[in-house]
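This report refers to the structure that appears directly beneath it.
Each ligand, and each atom within it, is numbered from 1 in the order the structure gives. Sequence positions, counted from 1, serve as the residue numbers for this chain.
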Amino acid sequence: MWTSMCPPCTLIWCTPSCSRVAWSMRSLLRICRTAIEGQADNKPTPRAHSYTKYNSWDKIQSWIASISSANSALISKQVIGNTYEGRPMTVLKLGKRSSSTKPAIFMDCGIHAREWISPAFCQWFVKEALSTYGSDSQMTSLLNQMDVFVLPVFNIDGYDFTHKSNRMWRKTRSRKSGSSCIGADPNRNFNAGWCTLGASSNPCSDTFCGYSPESEIEVKNVADFIRRNKSIIKAYITVHSYSQLLLFPYSYTYDLAADHSELLKVAQGASAALRSLYGTRYTSGPGAATIYPAAGGSDDWAYDLGVKYSYTFELRDTGRYGFLLPESQIKPTCEETMLAVKYIAAYVQKNLY
Ligand code: DDK
Ligand code: ZN
Ligand code: ZN
């Protein structure tokens, strides 16, 4: 779909010297601007945080502070490090306090800056977990027996950049002397078949794998956190958009994972649960064969570390709006995705290892 190929409309990229193509540029920019504004189709409450809007990083940051202080019985928070530009990366731990160590699930959103529905889902998940604990038997049992670590925005610098400068930015915002190109793809920067397949060693590419595994501080912070908590983390879930896929290892090779049949069975169950609400169809399968080979991904890395239940969601849609998914789709997308995530969580809870 052409909207996904939009140039960064928010940047002035057509100088007077390109007046020969100025007319077509202008009309392209107009179409583009309309598409970008088309996302904001939910009624404005300009200043406040909203679960049915795409919140800026500043709003998400104050939401993290307020929701954790208002729910101290079920949430605690921990800064796992800072981003390249110095923003704090806060992991929320959801779960009933316990004297014994609980097994846990780790979920991140916003690895890629432009995939705005992803951080919206993590915020929705936290809200739903808090508001249904005590009434929904599955959520109550989950948070009694397990903890869920949620990183609402992984690539905060990139996410902020998509709100302020370039809506289609994907990578981090790190700089290195010798290259004028900025950032690496965090989902090519993990140490799993690093830069061997479906990743670029060109710093200007959108799938640049970085100068070394975990060269991106955001990746290192998350990898360190998961390594530190390796003995308790039983599932890893990472949320992206778009394509409506539920992927699992491997993406760095076409080889099937040792747990392939179980991972596929759980993914198909989760996709069926998701589809039961609004009929949204998801395809499940290993990354390499289902979307494309892509080395250095977080799911493959977590799996090889020993986190058996490792999944990558590619949320709505299949390209009509792409990354510019209208805000009116946040609620239905999050509702259906909740069913899939809860399906995986319930399975993990019943199959602890
Ligand atoms: O990182 C990508 O290109 C997509 C999400 Se936008 C996922 C690729 C498959 C899972 C990577 N291990
Ligand atoms: Zn992504
Ligand atoms: Zn994607």
Side-chain angles (χ1 to χ4, degrees), residues 1 3-5 106-122 151-156 158-159 161-162 167-172 183-200 205-210 213-214 216 218-219 222-223 226 235-257 260 263-264 267 282-305 307 309-325 333 337:
M1 184 59 190
T3 51
S4 59
M5 303 187 301
F106 182 95
M107 178 167 73
D108 62 57
C109 291
I111 279 190
H112 290 135
R114 63 193 174 191
E115 299 164 11
W116 284 9
I117 188 62
S118 168
F121 176 71
C122 268
L151 176 60
V153 186
F154 185 120
N155 175 10
I156 307 170
Y159 185 75
F161 192 67
T162 60
R167 178 65 185 83
M168 288 298 152
W169 191 258
R170 167 177 165 102
K171 300 187 286 181
T172 61
D185 183 342
N187 215 25
R188 301 293 182 277
N189 192 237
F190 281 82
N191 196 7
W194 180 76
C195 221
T196 54
L197 208 59
S200 175
S205 164
D206 243 0
T207 55
F208 176 46
C209 58
E214 300 180 18
E216 302 315 287
E218 298 83 359
V219 170
V222 169
I226 295 176
Y236 171 79
I237 296 173
T238 181
V239 184
H240 292 253
S241 75
Y242 61 89
S243 288
Q244 296 176 194
L245 304 172
L246 183 43
L247 307 168
F248 51 85
Y250 286 108
S251 297
Y252 72 74
T253 172
Y254 285 96
D255 292 353
L256 298 185
H260 176 83
L263 289 170
L264 178 63
Y282 270 58
T283 303
S284 310
T290 310
I291 179 166
Y292 37 63
S298 59
D299 54 355
D300 286 359
W301 174 80
Y303 182 77
D304 282 349
L305 184 75
V307 182
Y309 302 107
S310 182
Y311 288 100
T312 295
F313 277 86
E314 281 266 67
L315 301 183
R316 287 194 199 183
D317 55 14
T318 55
R320 183 176 191 323
Y321 297 104
F323 304 118
L324 307 180
L325 192 72
T333 303
T337 308

Validation row: [X], [Y] side chains within 4.5 angstrom (heavy atoms):
X: Tyr311; Y: Leu246; result: yes
X: Ser310; Y: Phe248; result: no
X: Tyr250; Y: Pro286; result: no

Backbone of Ser251 reached by a side-chain donor or acceptor of Asp300 within 3.5 Å: yes
Main-chain N/O of Val239 paired to Ser118 side chain as donor or acceptor, under 3.5 Å: yes
The Zn ion (ligand 2) neighbourhood, protein N/O/S only, threshold under 2.8 Å: His112 ND1, Glu115 OE1, Glu115 OE2, His240 ND1
For Ala113 against Thr162, the heavy-atom pair lying closest together: CB-CG2, 3.5 Å
Residue pair Leu263 / Pro249: nearest heavy atoms and the distance that separates them: CD1-CD, 4.4 Å
Distances under 3.5 Å, N/O of ligand 1 against N/O of the protein: list each pair and its distance.
| residue | atom | partner | partner atom | Å |
| --- | --- | --- | --- | --- |
| ligand 1 | 1 (O) | Asn187 | ND2 | 2.8 |
| ligand 1 | 1 (O) | Arg188 | NH1 | 3.0 |
| ligand 1 | 3 (O) | Arg170 | NH2 | 3.3 |
| ligand 1 | 3 (O) | Arg188 | NH2 | 2.8 |
| ligand 1 | 3 (O) | Tyr292 | OH | 2.5 |
| ligand 1 | 12 (N) | Ser251 | OG | 3.2 |
| ligand 1 | 12 (N) | Asp299 | OD1 | 2.5 |
| ligand 1 | 12 (N) | Asp299 | OD2 | 3.3 |

Residues forming a ring pair (Phe, Tyr, Trp, His ring centres under 6.0 Å) with Tyr282, sequence neighbours excluded: none
Residues in ring pair (Phe, Tyr, Trp, His ring centres under 6.0 Å) contact with Phe121, at least two apart in sequence or another chain: none
